[in-house]
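These numbers were taken from a predicted model, which means no experiment stands behind them.
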Amino acid sequence: MKKQKTVEHGKYGVMFIVPFFLVFFVFQLYPLIYTFYNSLIYSAKNGRKVVETFGFGNFTNYVFGDKAGGEVWKALAITAVLWILNFIPQILLSLVLAAWFTDVRYKLKGTGAFKVIMYMPNIITAATIGFLFYSLFENYGPFTTILRNMGLVTNPTGILSHGWASLIIIAFIQFWMWYGNTMIVLCAGILGINPALYEAAMVDGASSKQQFFKITLPLLKPILQYTLVTSAIGGLQMFDIPQLFNGGGPQIITESGGSINSTTTVMMLIKKYSTQGSGAIDLGRAAAYSVVLFIVTMLVSLVFYKLTQEKSKDGR
């Protein structure tokens with residue numbers, strides 16, 4: 001009897017996943033390891049020479065020491081404030097809109113068009129949005145002129161000379177860009193809930209408000225967890241809008257005599273020490289700040305994940 005040939009499909013699966021691992025190792029894992037390595041190379045001037053030593057000098061001097069005036073922690077605080085100011089209104093408005101667009105009682109017409117319009121700011125390039133809002137709020141921009149005529153702006157250098165104003169405007173830009181994306185994700189989550197639950201609630205006489213708080217929110221918890229964690233990761237890595245809007249805003253003088261701008265995020269600080277044309281290049285210092293950002297992002301993500309994790313019936 002002739003033996004039949006069998007086809008092993010496992011090797012084709014391996015062939016398909018190999019490109020992913022190649023890209024991951026080359027563009028993610030290797031840069032991560034190299035960043036950790038560079039963070040341990042401390043560069044110090046000895047006369048005209050630059051002496052490099054391997055150790056924790058970047059962390060003891062710039063991160064936990066007074067040599068940089070705590071600039072990385074100030075930048076981290078600014079980044080956190082920017083994220084909080086844009087995420088809280090973003091998630092609240094997105095929840096309201098998602099519940100409104102998916103409510104079977106209202107049966108709103110043209111919801112698809114509204115979703116597209118609200119999502120559009122997310123597909124516009126950051127450079128375009130940054131330049132647009134800078135043009136609106138710069139010293140002779142239309143919004144600044146209106147506020148000046150109303151007597152709300154008396155500073156001759158304009159509204160952007162106030163650090164808090166730049167902070168609020170950048171937070172609003174981030175909120176405006178991302179609330180549509182969050183709304184789409186939440187809409188998808190709500191539509192994935194079993195409609196029979198809402199039908200049973202309506203039969204029992206539950207209002208839309210009761211359905212939202214008793215059915216939608218509890219069952220939407222995994223999607224809210226995903227939104228919270230991904231938003232925190234993106235928010236802590238915020239760079240493009242603050243950089244393009246006003247390059248950091250007015251300066252804040254640190255204790256060591258250095259300076260950090262009022263809207264400087266951690267990513268902007270890393271760029272400052274890692275690229276040509278933005279001052280003295282110090283890759284070790286930039287890498288140390290990157291490691292700090294990596295650890296903080298990981299801890300924040302784990303905390304948010306733990307706080308929003310579903311508990312089992314035995315309480316674990």
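- When the side chains of ILVMFWY residues are joined at heavy-atom separations under 4.5 Å, either directly or via intervening members, Y34 and F56 end up in a single hydrophobic cluster.
- Between the T263 side chain and the S166 main chain, no donor and acceptor come within less than 3.5 Å of each other.
- The backbone N or O of W83 sits less than 3.5 Å from a side-chain atom of N86, completing a donor-acceptor pair.
- Shown are L224, T230, T227, I190; of these, the side-chain contact (heavy atoms from CB on, under 4.5 Å) with V185 is made only by T227.
- Note: Y37 and F54 have tilted aromatic rings, judged against thresholds of 30 and 60 degrees for the angle between ring planes.
- Under a 3.5 Å cut-off, the side chain of T35 and the backbone N or O of A287 do not form any donor-acceptor pair.
- With hydrogens and angles disregarded, no donor-acceptor distance shorter than 3.5 Å links the side chain of R148 to the backbone of Y140.
- A side-chain donor-acceptor contact under 3.5 Å links W73 to the backbone of V63.
- Not a single donor-acceptor pair under 3.5 Å links the side chain of T182 to the backbone N or O of S94.
- Put simply, CG on L136 and CZ on F143 are 5.0 Å apart, with the number rounded to the nearest 0.5 Å.
- V96 and I215 fall into different hydrophobic clusters, where Ile, Leu, Val, Met, Phe, Trp and Tyr side chains are chained together by heavy-atom contacts under 4.5 Å.
- Under the 4.5 Å side-chain contact rule for hydrophobic residues, I270 and F36 share a cluster.
- Other members of the cluster containing V23 are V26, F27, with ILVMFWY side chains joined at under 4.5 Å, either directly or via other members.
- Remark: the backbone N or O of I41 is paired with a side-chain donor or acceptor of N58 at under 3.5 angstrom.
- With hydrogens and angles disregarded, no donor-acceptor distance shorter than 3.5 Å links the side chain of D204 to the backbone of A206.
- Between the side chain of T144 and the main chain of F137, a donor-acceptor pair closer than 3.5 Å is present.
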